[in-house]
Protein chains: 2
Amino acid sequence: MSGEAQRTRAPSIRDVARLAGVSHQTVSRVLNHHPSIRPETKQRVLDVMAELQYKPNRAARALVTSRSRIIGILSASSTQYGPASSIAAIETAARASGYWISTANLESTDAASIADALAHLAAQSIEGLVVIAPQVRVLETLAKMSIDVPFVTLQSTGDEPVRTLSVDQIAGARLATRHLIELGHRNIYHLAGPQDWIEAEARMRGFLDEMSAQDVPTTAPILGDWTADFGYYAGRELLTVRDFTAIFASNDQMALGLMHAVRDAGLDVPGDVSIIGFDDVPEAAHFWPPLTTVRQDFAELGRRCVALLLGDIDPAVVEHHSTIVPELIVRGSTGRPSF
Amino acid sequence: MSGEAQRTRAPSIRDVARLAGVSHQTVSRVLNHHPSIRPETKQRVLDVMAELQYKPNRAARALVTSRSRIIGILSASSTQYGPASSIAAIETAARASGYWISTANLESTDAASIADALAHLAAQSIEGLVVIAPQVRVLETLAKMSIDVPFVTLQSTGDEPVRTLSVDQIAGARLATRHLIELGHRNIYHLAGPQDWIEAEARMRGFLDEMSAQDVPTTAPILGDWTADFGYYAGRELLTVRDFTAIFASNDQMALGLMHAVRDAGLDVPGDVSIIGFDDVPEAAHFWPPLTTVRQDFAELGRRCVALLLGDIDPAVVEHHSTIVPELIVRGSTGRPSF
DNA sequence: TTTCGGCATGTTCACGGTCACACACGCCGC
DNA sequence: GCGGCGTGTGTGACCGTGAACATGCCGAAA
């Protein structure tokens with residue numbers, strides 16, 4: 001078992017075939033679980049494979065079958081909790097189904113950057129694409145580029161012509177808004193995400209829908225950028241007026257920044273201002289005060305996403321288009337308004 | 001130009017060659033920037049490529065060159081801010097150098113799970129491996145498995161025989177500890193990360209080193225699990241005794257949980273207890289109070305990591321083994337002790 | 001008995017690139 | 001005038017696998 005450092009060619013099916021006394025095609029049949037193989041022949045081949053530590057050459061297989069078994073992920077903001085959780089779940093699910101994941105991160109959302117990332121993925125002949133770059137512009141560019149593989153976009157408003165799978169953002173936003181209204185709030189602001197993010201828009205729509213459904217007058221949402229920093233500065237601005245008793249922030253980070261600003265102004269959360277977030281990041285329970293928010297199951301999203309995609313690639317698998325229902329998590333940052 | 005839905009074979013170099021009136025080898029030479037090609041021949045080939053929308057077949061190239069140009073990432077906890085940031089940076093850097101990234105997430109740290117993830121990566125004939133699974137056990141298992149490609153581990157104590165690249169965790173921990181001591185604290189606890197995490201160990205060592213260097217008596221560190229939840233419960237336990245004025249938490253999440261527990265006990269941060277974290281997640285500035293912490297440049301880590309790996313794969317590139325120096329960020333969670 | 005069909009296996013070729021080698025041509029030096 | 005060399009290009013083999021087709025054998029049906 002010496003294994004002289006002499007870098008030698010990896011064993012191929014022909015090497016296996018020779019040692020097992022069969023043709024290379026028989027070895028190939030064993031690899032592909034062909035039914036018509038005598039059990040003892042199969043075993044002999046398997047033994048030789050083990051002995052030689054044979055590993056199939058993926059490039060050769062991809063070449064001859066013209067199937068890469070790679071699923072590409074196009075993602076923006078992959079460092080954030082939500083997308084990162086989904087990506088991890090996608091990888092796990094894909095691996096379990098014998099697929100590989102290749103990711104490309106978007107550096108910006110201009111067309112060139114998208115085209116570059118997509119070209120990088122296309123160069124690997126991906127068989128499916130998951131888009132976790134929920135900016136409207138990305139989807140538009142994507143539509144123009146006529147992707148030639150099945151693809152799924154995570155997060156959407158639900159009425160685009162593309163295949164999407166999503167947590168029902170509108171329902172989640174209505175949940176949050178209703179919670180504030182039921183507590184007695186009537187002057188509620190909405191700190192939204194960036195205008196071109198699909199989720200931001202959906203949450204905004206959910207907010208507006210619920211407000212009007214409950215006959216509560218609304219003010220125009222403020223457009224933020226998802227960061228805690230923005231939440232902080234927006235909060236400082238808002239507090240110069242103070243014509244509200246509650247704010248629904250479109251994500252937990254901005255809610256955190258808002259709470260920071262409220263405290264800086266010498267006010268209390270939820271005594272003077274109630275604040276509710278969205279996402280339920282793992283830290284939200286330990287913010288001060290613990291943040292009331294809407295929980296999304298990012299991992300489940302990732303799993304379903306793979307199931308959907310594999311269903312497209314290989315019609316044997318089927319999956320119904322369901323959205324995931326978000327859940328309201330009530331903690332300490334919301335309460336009845338003080339008048 | 002019609003493009004009947006009729007799914008037809010993608011153009012190959014032979015198709016390009018025929019239309020350009022050259023041999024397939026000439027096309028190959030154009031692709032590989034061979035010097036001896038007449039400019040007009042080259043242009044003709046390039047024109048035909050553009051017209052046909054020719055894309056090289058990666059599998060075919062990989063098969064004949066036996067080079068995959070894939071870098072694998074073995075990662076645990078990829079949903080956390082630090083690892084996620086490094087992964088994104090690695091992907092960007094690798095793409096710029098013409099490499100692809102393939103990730104495998106560890107579901108647990110047992111040997112079977114590691115072997116499974118590694119097999120998944122090995123099956124793609126990765127040319128390099130980045131390990132962002134900074135548990136000691138992972139490294140040990142890795143060492144046993146005799147990886148046959150160059151690999152780099154992010155985060156380490158610096159004295160393993162493996163190639164590593166890291167932020168100098170010990171220096172960072174000493175920075176944090178010295179800050180507390182300089183403020184006048186003498187009774188300082190350390191809430192460490194899980195015992196088998198390399199970074200946790202390094203930060204603990206930095207803490208102990210600095211404490212003894214400054215002749216401050218130490219108590220045994222508490223072993224946590226990185227989560228805010230753990231920080232919270234550990235804090236509640238600790239506060240039943242209250243024989244300390246400061247705590248150095250091994251990451252920002254645990255620091256957050258600690259601050260939560262301190263407030264729950266009716267005490268003030270930093271009035272009664274000073275708390276310092278590690279990592280500087282983007283939200284840390286908006287915690288209450290804003291968290292004093294140690295900043296790590298995860299993205300730079302990712303970039304250098306790729307440079308190092310590519311240097312191994314292709315010796316033309318060189319990179320020196322430098323560690324990245326972390327930086328103390330003083331905010332509101334630390335102050336002088338009250339007696 | 002002959003024919004036929006299915007099983008187990010082998011033979012040959014194709015996939016789309018790169019590599020080693022061959023070759024034609026023009027230029028240089030002796 | 002001829003050999004050698006560098007430039008630009010072509011020919012054929014080869015990488016490891018899977019698909020199509022061929023083959024030999026055996027048992028069941030005609």
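Everything quoted here is computed from the prediction, not taken from an experiment.
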Side-chain N,O ([X]) to OP1/OP2 ([N]) below 4.0 Å:
X	N	value
A/Asn32	D/dG18	yes
A/Arg61	D/dG16	no
B/Ser28	C/dT18	yes
B/Thr26	D/dG10	yes

Side chain of [X], heavy atoms from C-beta onward: which of [options] has the nearest atom to it?
X	options	result
A/Ile37	C/dT9, C/dT18, D/dG16	C/dT9
B/Tyr54	C/dT9, C/dG17, D/dT11	C/dG17
B/Ser23	C/dG16, D/dG8, D/dT11	D/dT11
B/Arg9	C/dT9, C/dG16, D/dG18	C/dG16

May I ask you to list the residues of residues 10-22 of chain B, by number, that have any heavy atom positioned under 4.0 Å from an atom of DNA chain C?
-> B/Ser12, B/Ile13, B/Arg14
Whole angstrom value for the distance that separates [atom2] of [N] from [atom1] of [X]:
X	N	atom1	atom2	answer
B/Leu52	C/dG17	CG	P	12 Å
B/His34	C/dG17	NE2	P	19 Å
A/Arg69	D/dG18	CZ	P	12 Å
A/Arg44	C/dA8	CZ	P	14 Å
A/Asn57	D/dC14	CG	P	18 Å
B/His33	C/dT18	NE2	C1'	15 Å
A/Arg67	D/dA19	CZ	P	11 Å
B/Glu40	D/dT7	CD	P	16 Å

Give me the one residue out of B/Lys42, B/Arg38, B/Gln43 that meets side-chain hydrogen bond (donor to acceptor under 3.5 Å, both in side chains) with B/Glu40.
-> B/Arg38
Starting at the 5' end of DNA chain C and moving along, which residue's nearest nucleotide shows up first, A/Gln25 or A/Ser36?
-> A/Ser36
Approximate separation, where rounding is to 0.5 Å, of [X] [atom1] and [Y] [atom2]:
X	Y	atom1	atom2	value
A/Ile126	A/Leu118	CD1	CG	7.0 Å
A/Asp116	A/Glu107	CG	CD	8.0 Å
B/Ile324	B/Glu300	CD1	CD	5.0 Å
A/Ser68	A/Leu63	OG	CG	12.5 Å

Computed from five pairs at either end and rounded to 10 degrees, the angle between the axes of the helix from C/dT1-D/dA30 to C/dC30-D/dG1 is 50°
Please work out if [X] contacts a base, only the sugar-phosphate, or nothing of the nucleic acid, heavy-atom cut-off 4.0 Å.
X	value
A/Thr65	sugar-phosphate
B/Thr41	sugar-phosphate
A/Leu63	base
B/Lys55	sugar-phosphate

Closest approach of [X] to [Y] (non-hydrogen atoms, all atoms of both residues):
X	Y	value
B/Leu309	B/Phe151	CD1-CA, 3.9 Å
B/Ala94	B/Ile101	CB-CD1, 3.8 Å
B/Ser86	B/Phe298	OG-O, 3.1 Å

Without swapping roles, check the side chain of [X] against the backbone of [Y] for a donor-acceptor pair under 3.5 Å.
X	Y	result
A/Arg69	A/Gly98	yes
A/Ser78	B/Ala88	no
A/Ser28	A/His24	no
B/Thr41	B/Ile37	no

Set out, line by line, the N/O atom pairs under 3.5 Å between protein and nucleotides 21-28 of chain D.
none

Polar pair under 3.5 Å, donor/acceptor by atom type, side chain B/His24, base D/dG12 | yes
Taking only Lys NZ, Arg NE, NH1 and NH2, and the carboxylate oxygens of Asp or Glu, determine whether B/Arg18 and B/Asp15 approach each other closer than 4.0 Å.
-> yes
